[in-house]
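Report on the structure given below.
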Amino acid sequence: QVQLAESGGGSVQAGGSLRLSCAASGDTDSTNYMGWFRQAPGQEREGVAFISTRGRSTYHVASVRGRFTISQDNAKKWVYLQMTSLKPEDTAMYYCAARVGAWRNFPASLPAAAFEYWGQGIQVTVSS
């Protein structure tokens, strides 16, 4: 019911910046939360940043707080992840995700299992 597609990934030197974009289509009005996750080889998928599509409240995990910023356009068709001061440990596949249901404790980190819809992922590589 909701389709997501990431773009904007690539390779960058440490200290550089990238902006990831997520194009949302289908029944986008049904979504309550959007999130960005990342996964490196051999590691579990971890949440990066989250935004409420209703109140626009956001939450960023400690490892990216102050460096990454999640945002959404007014039409709810695009979600962005602005990444600055990139570090080699930020290297991962990055995924856009959408949740339809409510979440009582927001703003807080949501688990990957809470999201019903996912993009295919896009690679971000940061070299030292």
Side-chain angles (χ1 to χ4, degrees):
Q1 295 182 6
V2 178
Q3 295 80 44
L4 306 173
E6 303 93 339
S7 62
S11 299
V12 66
Q13 294 283 325
S17 300
L18 285 173
R19 187 175 75 166
L20 303 183
S21 299
C22 175
S25 60
D27 190 15
T28 57
D29 288 338
S30 68
T31 64
N32 277 309
Y33 299 94
M34 301 294 294
W36 286 97
F37 290 78
R38 65 186 182 186
Q39 187 170 25
Q43 300 183 5
E44 292 189 351
R45 189 167 299 184
E46 64 172 346
V48 176
F50 308 91
I51 185 168
S52 166
T53 63
R54 312 301 182 187
R56 298 298 173 88
S57 297
T58 62
Y59 181 83
H60 302 75
V61 299
S63 61
V64 308
R65 197 172 300 148
R67 299 189 298 121
F68 293 8
T69 303
I70 188 172
S71 61
Q72 186 176 43
D73 73 310
N74 291 334
K76 301 167 65 175
K77 298 297 185 181
W78 293 90
V79 181
Y80 306 98
L81 186 67
Q82 180 67 50
M83 304 183 293
T84 63
S85 301
L86 283 161
K87 305 174 181 179
E89 51 262 45
D90 295 319
T91 295
M93 285 286 293
Y94 282 72
Y95 299 87
C96 178
R99 174 177 169 82
V100 173
W103 194 259
R104 291 185 178 182
N105 295 327
F106 198 81
S109 181
L110 277 69
F115 290 81
E116 294 93 349
Y117 303 101
W118 293 84
Q120 66 180 2
I122 191 164
Q123 180 69 37
V124 171
T125 301
V126 184
S127 59
S128 61

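Residue numbers run from 1 in the order of the sequence given. When reading the values below, keep in mind they use all heavy atoms of this one structure, side chains included, and skip hydrogens, waters and symmetry mates. Treat the numbers as computed from the prediction; the structure is a model and nothing was measured.
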Between [atom1] on residue [X] and [atom2] on residue [Y], distance to nearest 0.5 Å:
{"X": "M34", "Y": "R99", "atom1": "CE", "atom2": "CZ", "value": "13.0 Å"}
{"X": "I51", "Y": "W36", "atom1": "CD1", "atom2": "CH2", "value": "12.0 Å"}
{"X": "T69", "Y": "Y80", "atom1": "OG1", "atom2": "OH", "value": "14.0 Å"}
{"X": "W103", "Y": "Y59", "atom1": "CH2", "atom2": "OH", "value": "13.0 Å"}
{"X": "Y94", "Y": "L81", "atom1": "OH", "atom2": "CG", "value": "7.5 Å"}
{"X": "T58", "Y": "Q72", "atom1": "OG1", "atom2": "CD", "value": "11.5 Å"}

Would the distance check show the side chain of [X] and the main-chain N or O of [Y] forming a donor-acceptor pair, the cut-off being under 3.5 Å?
{"X": "R54", "Y": "T31", "result": "yes"}
{"X": "H60", "Y": "I70", "result": "yes"}
{"X": "Q39", "Y": "A92", "result": "no"}
{"X": "E46", "Y": "R38", "result": "no"}

**Request:** Quick one: sort the W118 and Y95 rings into parallel, tilted or perpendicular, breaks at 30° and 60°.
**Result:** perpendicular

**Fill in**
Heavy-atom nearest pair, G35 first then F115, reads N-CE2, 3.8 Å

**Fill in**
Nearest heavy-atom contact between V61 and S109 is CG1-OG, 4.4 Å

For [X], check side-chain contact (heavy atoms from CB on, under 4.5 Å) against everything at least two apart and list the hits.
{"X": "S30", "result": "V2, D27, V100"}
{"X": "A23", "result": "W78"}
{"X": "R67", "result": "V64, T84, S85, K87, D90"}

**Message:** Enumerate the disulfide (SG to SG under 2.5 Å) contacts for residues 2-108, please, sequence neighbours excluded, ordered by first and then second residue.
**Reply:** C22-C96

**Request:** Any pair with a residue in residues 39-83 that passes disulfide (SG to SG under 2.5 Å), sequence neighbours left out, goes on the list, sorted by first then second residue, please.
**Result:**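 Residue pairs with at least one partner in residues 39-83: there are none.
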
**Item:** Aromatic ring proximity F50/F37, centre distance under 6.0 Å
**Value:** yes

**Item:** Derivation and outcome, side-chain contact (heavy atoms from CB on, under 4.5 Å), residues E6 and L20
**Value:** CA-CA 7 Å; E6 303 93 339; L20 303 183; over 6 Å; no

**Asked** How about E116: does its CD atom have over 12 heavy atoms from other parts shown lying under 6.0 Å from it?
**Response** yes

Show every donor-acceptor pair shorter than 3.5 Å between a side-chain atom in residues 11-19 and any protein atom, with sequence neighbours excluded, or say none if there are none.
from : atom 1 : to   : atom 2 : distance (Å)
Q13  : NE2    : S127 : OG     : 3.3

